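The structure appears right after this line, and notes come after that.
What you see is a predicted model, and the numbers here were worked out from it, not measured in a lab.
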Amino acid sequence: MKYNRCGRSGLLLPEISLGLWHNFGSVDNFDNAESIAKEAFDKGITHFDLANNYGPVPGSAEENFGKILWHNFQGNLRDEIVISTKAGYTMWDGPYGDWGSRKYLLSSLDQSLKRMNIDYVDIFYSHRPDPETPIEETMMALDHAVRSGKALYVGISNYSAEQTRVAVDVLKQLGTPCLIHQAKYSMLERWVENGLLDVLEEKGVGCIAFSPLAQGLLTDKYLNGIPENSRAHNPNGHLKEDEVTQERIQKLIQLNEIAQNRNQSLAQMALAWLQKDKRITSVLIGASSVKQLCNNIDCLENTEFTHDELNAIEKILV
């Protein structure tokens with residue numbers, strides 16, 4: 001595993017990080033989740049990414065990860081891992097359980113620490129910008145999280161390029177630099193290329209890509225349509241059936257042909273493709289099994305692309 005410097009900071013993050021958005025909640029098999037986390041660490045993944053509402057039920061991923069920490073990462077091992085969590089989406093009822101107020105963010109952080117049974121997180125994020133709360137208030141809450149010793153670094157997620165510029169400048173004035181931006185980025189979701197990555201490079205902020213496989217679209221699962229056990233077939237999933245169009249399937253088939261010529265799966269190529277941009281500090285993957293985790297990590301065996309490969313990929317994606 002290679003470790004990349006996160007922006008202009010002292011923190012190094014692994015090329016591949018593990019996200020606990022799925023498969024670590026109360027509805028999931030705990031032993032399986034624990035095996036995934038242990039294997040990830042053994043493979044060099046030192047960064048584990050959570051949010052207050054990960055589950056289901058909301059909060060249960062943090063609770064389960066706290067148990068995994070207690071069973072496997074006691075003592076100095078806590079100092080060998082990076083734990084991140086976030087607040088910004090709906091977590092509890094009433095006016096104080098959502099968005100970006102100081103009250104919500106700091107209350108949420110306290111609850112997250114209690115669920116995981118830890119004294120601090122390494123990175124605390126504002127999970128999304130709040131259109132009603134002044135950005136200064138949200139950034140002051142992040143600054144307070146660091147000054148209170150409950151977070152070592154802070155970041156933002158899902159902020160536009162312009163919102164990011166403002167947030168980074170406010171945090172700098174407060175004396176707590178913005179470490180990282182977590183953004184949705186994949187072959188099929190490329191909004192970050194329209195200004196955000198330039199802002200992050202200019203400001204010295206790292207970037208970690210989430211949903212790099214587009215909720216499973218960039219795998220071999222959908223090459224022949226929508227299987228019954230897929231996220232798209234699940235009415236409660238984030239990937240909707242109408243997103244799996246015939247036009248998109250044809251693009252996936254063509255991309256898969258390039259991947260096969262590289263001796264990679266489509267998923268491995270999609271993950272490797274993100275690594276080509278040096279502004280990407282880490283790529284955040286999920287896993288439903290140890291086997292899937294290891295298959296995805298194997299993308300690191302071939303992260304180089306020829307000009308012809310990149311041009312061919314670009315022609316398919318446009």
Side-chain angles (χ1 to χ4, degrees), residues 11 17-21 24-26 30 33 37 46-75 77-159 167 170-171 174-182 208 210 284:
L11 188 66
S17 298
L18 182 64
L20 280 66
W21 184 13
F24 283 78
S26 57
F30 177 81
T46 53
H47 179 209
F48 298 87
D49 180 77
L50 299 109
N52 58 352
N53 62 338
Y54 287 177
V57 296
S60 61
E62 288 183 328
E63 290 178 356
N64 280 336
F65 187 66
K67 295 174 185 176
I68 292 171
L69 286 175
W70 181 256
H71 293 162
N72 303 279
F73 295 94
Q74 286 295 297
L77 282 179
R78 170 62 182 95
D79 299 325
E80 296 184 25
I81 61 175
V82 170
I83 302 170
S84 60
T85 196
K86 319 174 198 72
Y89 286 92
T90 303
M91 187 58 192
W92 62 84
D93 294 335
Y96 313 120
D98 203 349
W99 294 105
S101 71
R102 179 185 181 95
K103 180 171 179 61
Y104 170 52
L105 291 180
L106 295 179
S107 297
S108 177
L109 177 56
D110 284 341
Q111 293 180 22
S112 291
L113 295 177
K114 185 176 181 179
R115 280 191 290 268
M116 290 187 279
N117 194 26
I118 54 178
D119 296 325
Y120 69 95
V121 291
D122 297 276
I123 307 171
F124 182 52
Y125 287 90
S126 166
H127 207 166
R128 63 171 169 173
D130 183 343
E132 303 297 331
T133 299
I135 201 166
E136 290 82 2
E137 177 179 339
T138 301
M139 296 307 110
M140 286 176 68
L142 295 183
D143 173 65
H144 180 81
V146 171
R147 295 184 185 279
S148 65
K150 296 176 182 178
L152 300 185
Y153 302 90
V154 295
I156 56 178
S157 180
N158 299 307
Y159 280 56
V170 171
L171 282 170
L174 292 169
T176 298
C178 182
L179 174 80
I180 193 167
H181 188 297
Q182 186 169 137
I208 183 168
F210 77 88
L284 194 58

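Taking both residues in full, the closest heavy atoms of Pro177 and Gly175 are given as CD-O, 3.6 Å, listed atom of the first, atom of the second, then distance. Here the shortest heavy-atom pairing between Ile123 and Leu11 reads CD1-CD2, 4.3 Å. Ala151 and Tyr120 get closest at one heavy-atom pair: N-CB, 4.4 Å. Contact record, Asp49 with Tyr125: OD1-CE1, 4.0 Å, taken as the closest heavy-atom pair. Taking each heavy atom of Met139 and Ala167 in turn, the nearest pair found is SD-CB, 3.7 Å. The heavy-atom pair separating Pro129 from Ser157 by the smallest distance is CD-O, 4.0 Å.
A 6.0 Å sphere centred on CG of Asp79 holds more than 12 heavy atoms belonging to other residues, nucleotides or ligands. By the neighbour-count criterion of 12 heavy atoms within 6.0 Å, atom OH of Tyr96 is sparsely surrounded, having that number or fewer from other residues, nucleotides or ligands.
Using a 4.5 Å cut-off on side-chain heavy atoms (C-beta onward), Leu174 and His144 make no contact. Looking at heavy atoms from C-beta onward, Val121 lies out of side-chain contact with Ser112 at the 4.5 angstrom threshold. The shortest distance between side-chain heavy atoms of Glu132 and Trp99 does not fall below 4.5 Å. For the pair Leu69/Asn117, no side-chain contact is recorded, criterion being any heavy-atom separation below 4.5 Å from C-beta on. Contact of the Tyr153 side chain with the Ser84 side chain is not registered, since no non-hydrogen atoms from C-beta on lie closer than 4.5 Å.
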Notebook entry, point to check: Phe73 and Ile83: side-chain contact (heavy atoms from CB on, under 4.5 Å), yes or no, with the steps?
Noted result: CA-CA 12 Å; Phe73 295 94; Ile83 302 170; over 6 Å; no
Item checked: Criterion side-chain contact (heavy atoms from CB on, under 4.5 Å) on Asp110 and Lys150, from CA distance to verdict -> CA-CA 8 Å; Asp110 284 341; Lys150 296 176 182 178; 2.7 Å; yes
Notebook entry, point to check: Given Phe48 and Ile81, is the side-chain contact (heavy atoms from CB on, under 4.5 Å) satisfied, shown in steps?
Noted result: CA-CA 8 Å; Phe48 298 87; Ile81 61 175; 3.9 Å; yes
Notebook entry, point to check: What's the verdict on side-chain contact (heavy atoms from CB on, under 4.5 Å) for Tyr159 and His181, showing C-alpha distance, side-chain angles and the deciding distance?
Noted result: CA-CA 8 Å; Tyr159 280 56; His181 188 297; 3.7 Å; yes
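None of Leu142, Val170, Ile156 except one satisfies the side chain to side chain contact (heavy atoms under 4.5 Å, CB included) rule with Cys178; the exception is Ile156.
The ring-ring contact (aromatic ring centres under 6.0 Å, His included) check on Phe210 picks up nothing, with sequence neighbours excluded.
Between the side chain of Thr133 and the main chain of Gly100, no donor-acceptor pair closer than 3.5 Å is present. Remark: the backbone N or O of Phe24 is paired with a side-chain donor or acceptor of Asn64 at under 3.5 angstrom.
There is no side-chain donor-acceptor pair under 3.5 Å between Tyr54 and Thr85.
Of the charged side-chain nitrogens involved, none lies within less than 4.0 Å of a carboxylate oxygen, so that Asp143 and Arg102 do not count as a salt-bridged pair.
Taking CD of Gln111 as the start and CG of Asn52 as the end, the distance is 8.0 Å to the nearest 0.5 Å. The NZ atom of Lys86 sits 9.0 Å away from the CG atom of Asn158 when rounded to the nearest 0.5 Å. Here the straight-line distance linking atom CG of Leu109 with atom CZ of Phe124 works out to 4.5 Å at 0.5 Å rounding. Taking CE of Met140 as the reference point, atom CZ of Arg147 lies at 10.0 Å (rounded to 0.5 Å). With rounding to the nearest 0.5 Å, the separation of OG1 in Thr138 from CG in Leu105 is 6.0 Å. Taking NE2 from His127 and CD from Gln182, the interatomic distance works out to 6.5 Å, rounded to the nearest 0.5 Å.
Using the six-membered ring where Trp is involved, Trp92 and Tyr104 have ring planes that are perpendicular, over 60° apart on the 30 and 60° scheme.
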